[in-house]
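Encoded as structure tokens, the structure appears first; notes follow it.
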Amino acid sequence: MRAAPFAIGAIKIFMLRFGHNARRGGVVAAIVFGAVTAVLLAAMAALPLVVPSAELRRIAVSALAGSTGQKVAILGEPALRLFPSPRLVLGKVSFPLPSGQSLDAENVVTRFDIWHLLAGRVEVDDVIVEHPTLVLTGEGLTPALAVAPVFAAAHWPGLRIVDGTIAWRSEGGLTRELVSGLTAALDRVADGRGLALAAFFDWRDERVTVTLTLDDAAGFIDGTPAAARMVLASNGSEARFQGRAALGSKPVVTGTLSAEADSLRGLLDWAGIEPPTRGGLGPFDLSTQLTLEDGALSLTDASVELDGNRGDGAFLLKLVQGRPVLQGTVAADRITLTPYGGIHLTADDGRNWGRTPIDLSVLDGFDLDLRLSAGRVVAGETTLNTVAASAVLTGGRLVMVLGEATGWGGLLRASLSLAPGAPDPARSYGRATGAEVRLEAEATDVDLGRTLEDIAGMRRIEGTGTLQVEVSGAGGNVVEIARTLTGNASISAGSGYLAGLDVAQVLQRIERRPLSATSDARGGRTAFTDLSGRIAIADGVGTVEEMQLQGKQVRLGMEGSISIAERSLDLAGHASLVLSGGKTAGGKPTGGVDLPFSVRGPWDTPMVMADPLSLIERSGAALPLLEAVKGRAGTAAAEPAMDGVTGRKAAPTPPAN
């Protein structure tokens, strides 16, 4: 119990001594801090006396010229500011540029290193360029900026750009803003040997972010490959590069490139590039090894994914006599073309050829040599297997070749040539308008029903056969091309069916009741053992040189013309019913029923009509009437009588003499 008061007293004595020392330390620290502050303030106050303003201005201008690489003209009156940090405000500054271009800044600030100032040395930490405006002129958009000194120097201060603008001025004085809100920072890295750039700006109403790092800036300028990293991102799209790069007399770049976009169509629209298709062009992904050497850009080990289609290949882009040439190969297991839509040759109603002007001027800008191999290509309801195709564009002429593919149960080969039309002085100031088209296609041993349905939207023939087409034409739109088509087409098939009409049934009905042919004859199908047809095309009109259908019960032949431009038919034919064994019930040979007919009207909904005179001649009831009419009024009076038999309103018969 006695020890407790002793301990308490000892603690009190210790606390009194410790508190006394703490108060003494705080006083000493306050005195030291005040002295240091006073010295700093005195030094900063004496700075204008120690370092003349002219020297500060010279140092600031030198730093500004070094960090930007440009000559400097100070338009304002520089002012030295000591708080909150020492800096020199230069005011409005102009950077003289050649070629009629201009670069001005509303204000430029150079900030000094305070510790070096206290040591008696003036060194610039960084240069801040506020609200600069770069104006480009002429047809080109390349700024006449001297950036080489910035890369080559090792100890220039950092550069900051705040709210910059890049604009373009036409020869007439019209100014258009290209880039706005440019904020950037350029710093030295890797012990002053490298450069690090970080920038973001607004272009076409979208925010763009760029970062670039070079480990050896001087080597990059001299042509020595240096480690480089770059990232470019905007609006759901991003591209990344990592490798080595050198400028020199010939740029050299090697490394890995990867890029992705939420929507390739949106990216193309934003960049001002017309998308090549109406549909598709959604999610996009690319990874490849990039090499730029001797003016040629190559992408090897490339993996491309677009709209769920994935392919591997290689590409080479080079300049040949100043003209871009793209070469490449692509291999894919499966390609789906359905999202991209089809080629629309007709107007909105689907019954007339389209009249939209054709413009192939885009083909004049570059050359192309692309090879494609795919295990399967799907376009709507059509599927092609083991596809080998190529596209070659030379001098504005595009040739697309389907070397070989299997589809519709057979073998396919095709070639399509497109070229801009001849210059027309009456349109587009004498530029080439329209297109010259040539198509060669062959489908061997294919399912004719599926083939014609997929290609022409009709399913009238069922069976296995061969189709051949070779046509060419030219014009400013599809209508004009259709009017100039020249070439030929042919079809051949073995056993099959003609859908939509049972010719044998119709002929048998006519044999029993000739006038019953005026009733609806649609429905059913006609079996054949051989089908062959050949059409010669000239100036948009196809002449049927041969069209024969042979079956066990019927024979059918047609001739006439097909107007491709007007999409109409004008055909005449004969249909024959062949009896079993080729003989009648009395044992005499017979050719069966032979009925002339015609097919006229739009080829979407043609009208099939039997020859009325032939029907009347076969009718036992109508034949005496026909003979009587012929005897009274001659042939002129027979026509109204036949019109009455066939259901048409007959004109009044003039009285007999």
Answer yes when R413 and E440 have at least one side-chain N-carboxylate O distance shorter than 4.0 Å, and no when they do not.
no
Can you name the closest pair of heavy atoms from A493 and F528 and give their distance?
CB-CE1, 4.1 Å
Using residues 532-544 as the side-chain source, report each donor-acceptor pair under 3.5 Å to any protein atom, sequence neighbours left out, with the distance given to one decimal.
unit_1	atom_1	unit_2	atom_2	d
S532	OG	E546	OE2	3.0
R534	NE	E545	OE1	3.1
R534	NH1	E546	OE1	2.8

Smallest heavy-atom separation, T300 atom then T288 atom, equals O-OG1, 2.9 Å
Say whether R265 and S263, considering side chains only, have a donor N or O and an acceptor N or O under 3.5 Å apart.
no
How far does CG of L372 sit from CD1 of I335, to the nearest 0.5 angstrom?
4.5 Å
Determine, step by step, whether F315 and L370 satisfy the side-chain contact (heavy atoms from CB on, under 4.5 Å) criterion, reporting the C-alpha distance in whole Å, the side-chain angles of both residues, the deciding distance to 0.1 Å, and the verdict.
CA-CA 9 Å; F315 303 90; L370 184 63; 4.1 Å; yes
Side-chain donor/acceptor of W353 to backbone N/O of I564, under 3.5 Å
yes
In terms of heavy-atom contacts, L316 and S298 come closest through CD1-CB, 3.8 Å
Could you tell me whether D301 atom CG has more than 12 heavy atoms of other residues or ligands within 6.0 Å of it?
no
Indicate yes or no: does R240 engage E260 in a salt bridge with an N to O separation below 4.0 Å.
yes
Taken to the nearest 0.5 Å, the spacing of L467 CG from I491 CD1 works out to 5.0 Å
So, N477 versus R355: side-chain donor-acceptor pair below 3.5 Å or not?
no
Can you find a pair of side-chain heavy atoms, one from Y340 and one from L306, that are under 4.5 Å apart?
yes
Short side-chain to backbone donor-acceptor contact, T529 and Q550, under 3.5 Å
yes
Close side-chain approach of W270 and S237, heavy atoms under 4.5 Å:
no
Start with the C-alpha distance between L412 and L402, add both sets of side-chain angles, then the distance that settles side-chain contact (heavy atoms from CB on, under 4.5 Å), and finish with yes or no.
CA-CA 8 Å; L412 309 176; L402 179 62; 4.2 Å; yes
L531 side, atom CG; T526 side, atom OG1 - distance, nearest 0.5 Å
11.5 Å
Residue pair V378 / L384, side-chain heavy-atom distance below 4.5 Å
no
Shortest non-hydrogen pair, V401 vs S415, comes out as CG2-OG, 4.1 Å
For the atom pair CZ (R555) and CG (L549), what is the distance rounded to the nearest 0.5 Å?
11.5 Å
Could you give me the CA-CA distance, side-chain angles and deciding distance for R397 and E436, then say whether salt bridge (Lys or Arg N to Asp or Glu O under 4.0 Å) is met?
CA-CA 9 Å; R397 178 178 292 274; E436 297 178 358; 3.6 Å; yes
Between D447 and T464, is a side-chain contact (heavy atoms from CB on, under 4.5 Å) present by the stated rule, with each step listed?
CA-CA 5 Å; D447 184 333; T464 301; 5.7 Å; no
Would I481 and V479 count as a side-chain contact (heavy atoms from CB on, under 4.5 Å) if you check the C-alpha gap in whole Å, the side-chain angles of each, and the deciding distance to 0.1 Å?
CA-CA 5 Å; I481 294 175; V479 173; over 6 Å; no
M400 versus L398: any side-chain heavy-atom pair under 4.5 Å?
yes
Not counting sequence neighbours, which residues clear salt bridge (charged side-chain N to carboxylate O under 4.0 Å, His left out) with D312? List them please.
R310
Side chain proximity check, Q289 to T256, heavy atoms < 4.5 angstrom:
yes
Between the main-chain N or O of L326 and the side-chain N or O of D367, is there a donor-acceptor pair closer than 3.5 Å?
no
Indicate yes or no: at least one non-hydrogen side-chain atom of V304 is less than 4.5 angstrom from one of F284.
yes
Flag side-chain contact, heavy atom, 4.5 Å: V446 against L448:
yes
Euclidean distance, E559 CD relative to H574 NE2, rounded to 0.5 Å:
8.5 Å
Closest heavy-atom pair and its distance - L290, L257:
CD1-CD2, 3.7 Å
Can you give me the closest heavy-atom contact between R323 and G396, atom names plus distance?
NH2-N, 4.0 Å
N309 side chain reached by E305 side chain, heavy atoms, under 4.5 Å
no
Output the distance between atom CD (E470) and atom OG (S490), rounded to the nearest 0.5 Å.
10.0 Å
